[in-house]
Amino acid sequence: MIHIAVDIGASSGRLVAGEIKNGKLTIKDIHRFSNGFEKKDGTYYWDIDYIMNEILQGLSVAKSLGFEECTVGIDTWAVDYVLLDQNGDRLQDVVTYRDHRTDKTIEKLTNLMSKEEIYRKTGIQFLPFNTIYQLFEEDQELLQNTDKILMIPDYLGYRLTGNAVTEVTNASTTQLLNIDSRAFDEELLELISVKKEQFAALIEPGTELGLLKHKWFPEYDLPECKIITVASHDTASAIVGTPGDGENWAYLSSGTWSLIGIENHKPFIDSYALADNYTNEWGAFGTFRFLKNIMGLWILQEVRRKLNGDFSFEQLVEEAKQVQPFQQFINFNDHRFLNPVNMIEEIQEYCRETNQSVPESAGELASAVFNNLAIIYAIALEDLERMTSKQINRVHIVGGGANNEFLNQLTANLSGKTVYAGPSEATAIGNLIVQLIANKELEHIESGRQLIKDSFKIKSFNPYPDSKEDIIRQFKRMLYSQNREEIS
Ligand SMILES: Nc1ncnc2c1ncn2[C@@H]1O[C@H](COP(=O)(O)OP(=O)(O)O)[C@@H](O)[C@H]1O
Ligand SMILES: C[C@H](O)[C@H](O)[C@@H](O)C(=O)COP(=O)(O)O
Ligand SMILES: [Mg+2]
């Protein structure tokens, strides 16, 4: 049986076919498309109908390749949602988490319930765009006319099958789930005037959602598909697809965002985790993703866009190698980098404000991005070890960022840990692993990770001893001198 992973990140989407052949997981790119958001009347929106069409185009490519039947799993970015009326039709376009409508909402909501109380209930990090804050800002009349609130991958699954669910890994990013009861927290729902019935039933990854409706067949030449709900938060799928083993490894899901953390079997909720804004997003198979959001390669994507796309990502890496490293210390987790009008100007303004040299060329800008991301990763790993008393010896970098060998080596040097890079398509692979487990072709996540190790090339980067301590100390000194607001 062929399985198809639909993995949609903030910058790109892909359909990847996979099956186990001769003891290895073989994957094949079926369809790729770019993703992004547009500003309309002052609000930033995704184009969900464009995404839906690309998924159906991709499935028709699968049919043209001879796949007459398959299972399909969908994973996407977190927190965003669709509002449906009683007929199952969308009440409005889909607002993106980078919209500025929630820039001040954490402050408003934590005046009604303390940060400590919300964190005790949910164990979820305070990001301004969490679903709870977006719903708080929604038009109240619209919300009262809403029959169902569906998270993005659940909405896409609903459009394909007609069945509505709320998959738990992605639902945990709403900051509305109670970590003890594993249900929506009624007090938090009341704070934002949402009724529990407005969410579809919570379900675990690996649950069959339904069959692809034939209403799509006249317009697209499609295979017969059984849709399986996977770990539908893409980061949860990325972690399933990360070939770590034992206790002493961390993951770094490196795409538009950098999500750095460890896989836990129980939540880790204490004042240090709250202070450092670490989260306990729910993982597949009852695990917890104790991680931190770092602004990630979004910064580079926006620098590249402002350079009119004149450089490929590979070229920007080569340009960065040509310049002196560590010329500026920049806290890219500062809220100002979440969605500035012009990322290059924002970076340059930050450097002027902090009396640092100003990066001008593509190489200087790319070097500033890579060097400071590596420092922030290293500090996050230090925090993880201190908070959890766990020794982290290995960092598995997965996602598109795993292709950036320059950043992989910088991360190894500054963290002092061995970096294992790949698979770059870990998210799609993790999506496939859950489908294979649901289809009883794999027993559990451990056998899935062993299959990944047996099937894909993983490249290692050993740390070169250098003055990492001094660099990190200088970065921390700059941080404290600024005391600016992070993205929480
Ligand atoms: N060959 C490459 N060399 C350097 N960086 C790369 C390469 N391929 C991808 N990347 C990096 O990976 C990022 C995209 O990662 P990806 O996981 O596809 O993102 P998302 O899932 O968020 O859309 C790009 O922004 C780029 O920085
Ligand atoms: C807003 C969320 O934190 C974000 O979606 C992140 O968790 C995520 O899913 C990153 O996926 P990308 O593939 O877009 O980097
Ligand atoms: Mg991704």
Aromatic contact between W257 and F129, with the criterion being ring centroids under 6.0 Å apart: yes or no? yes
Is the H335-F337 ring centre distance short of 6.0 angstrom? no
Using only atom types and a distance under 3.5 Å, with no angle test, would you say the side chain of N413 pairs donor to acceptor with the backbone of Y464? yes
Write out all pairs satisfying side-chain hydrogen bond (donor to acceptor under 3.5 Å, both in side chains) with one or both partners inside residues 205-219, taking only residues at least two apart or from two chains. H214-E224
Do [X] and [Y] have a side chain donor and acceptor closer than 3.5 Å?
X: E167; Y: T169; result: yes
X: R289; Y: Y251; result: no
X: Q175; Y: Y133; result: yes
X: Q301; Y: T256; result: yes
X: N431; Y: D7; result: no
X: Y45; Y: T96; result: no
X: H31; Y: E54; result: yes
X: N130; Y: Q134; result: no

Within the structure provided, determine whether [X] and [Y] are in side-chain contact (heavy-atom separation under 4.5 Å).
X: I472; Y: E382; value: yes
X: L252; Y: V398; value: no
X: Y97; Y: T131; value: no
X: I433; Y: I452; value: yes
X: T174; Y: L188; value: no
X: L259; Y: I294; value: no
X: S34; Y: S12; value: no
X: P205; Y: F285; value: no

Within a radius of less than 6.0 Å around CD of Q450, do more than 12 heavy atoms belonging to other residues, nucleotides or ligands occur? yes
State whether the number of non-hydrogen atoms from other residues, nucleotides or ligands found under 6.0 Å of F217 atom CZ is greater than 12. yes
Restricting to non-hydrogen atoms, name the atom on [X] and the atom on [Y] that form the minimum distance, rounded to 0.1 Å.
X: A368; Y: F332; value: O-CE1, 3.6 Å
X: D75; Y: A231; value: CB-O, 3.8 Å
X: H444; Y: I437; value: C-CD1, 3.6 Å
X: N248; Y: Q391; value: ND2-O, 2.6 Å
X: V165; Y: L150; value: O-CD2, 3.8 Å
X: Y158; Y: L84; value: CE2-CD1, 3.8 Å

To the nearest 0.5 angstrom, please state how far the CD1 atom of I299 sits from the CG atom of N372. 10.0 Å
May I ask you to say whether [X] pairs ionically with [Y], meaning some side-chain N is under 4.0 Å from a carboxylate O?
X: R98; Y: D80; value: no
X: K390; Y: E385; value: no
X: K321; Y: E318; value: yes
X: D245; Y: K453; value: yes
X: E69; Y: K226; value: no
X: R120; Y: D270; value: no
X: D454; Y: K24; value: no

Using the ring of Y278 (Phe, Tyr or Trp, six-membered ring only), decide whether K292 places NZ or CZ under 6.0 Å from its centre and within 45 degrees of its axis. yes
Just checking, R304 and F313: is the charged tip under 6.0 Å from the six-membered ring centre and within 45° of the axis? yes
Take E281 and S172 through the test side-chain hydrogen bond (donor to acceptor under 3.5 Å, both in side chains) and record every step on the way to the result. CA-CA 6 Å; E281 291 172 354; S172 69; 5.6 Å; no
By ring pair (Phe, Tyr, Trp, His ring centres under 6.0 Å), which residues pair with W249, not counting sequence neighbours? H396
Start with the C-alpha distance between F199 and V194, add both sets of side-chain angles, then the distance that settles side chain to side chain contact (heavy atoms under 4.5 Å, CB included), and finish with yes or no. CA-CA 9 Å; F199 281 101; V194 165; 3.8 Å; yes
Set out, in order, the CA-CA distance, both residues' side-chain angles and the distance that settles side-chain hydrogen bond (donor to acceptor under 3.5 Å, both in side chains) for N403 and E405, then state yes or no. CA-CA 6 Å; N403 296 308; E405 300 199 353; over 6 Å; no
For R386, give me all partners under salt bridge (Lys or Arg N to Asp or Glu O under 4.0 Å), at least two apart in sequence or on another chain. D276, D383
With ring pair (Phe, Tyr, Trp, His ring centres under 6.0 Å) as the rule and sequence neighbours excluded, what pairs involving residues 222-242 come up? none
Test of understanding: with side chain to side chain contact (heavy atoms under 4.5 Å, CB included), list the residues that count as partners of T418, not counting sequence neighbours. Y420, S460, N462, P463
Just to verify, what does A374 make a side chain to side chain contact (heavy atoms under 4.5 Å, CB included) with, not counting sequence neighbours? L407, L410, T411, L414
Audit row: L212, V72, side chain to side chain contact (heavy atoms under 4.5 Å, CB included) steps and yes/no: CA-CA 9 Å; L212 175 61; V72 175; over 6 Å; no
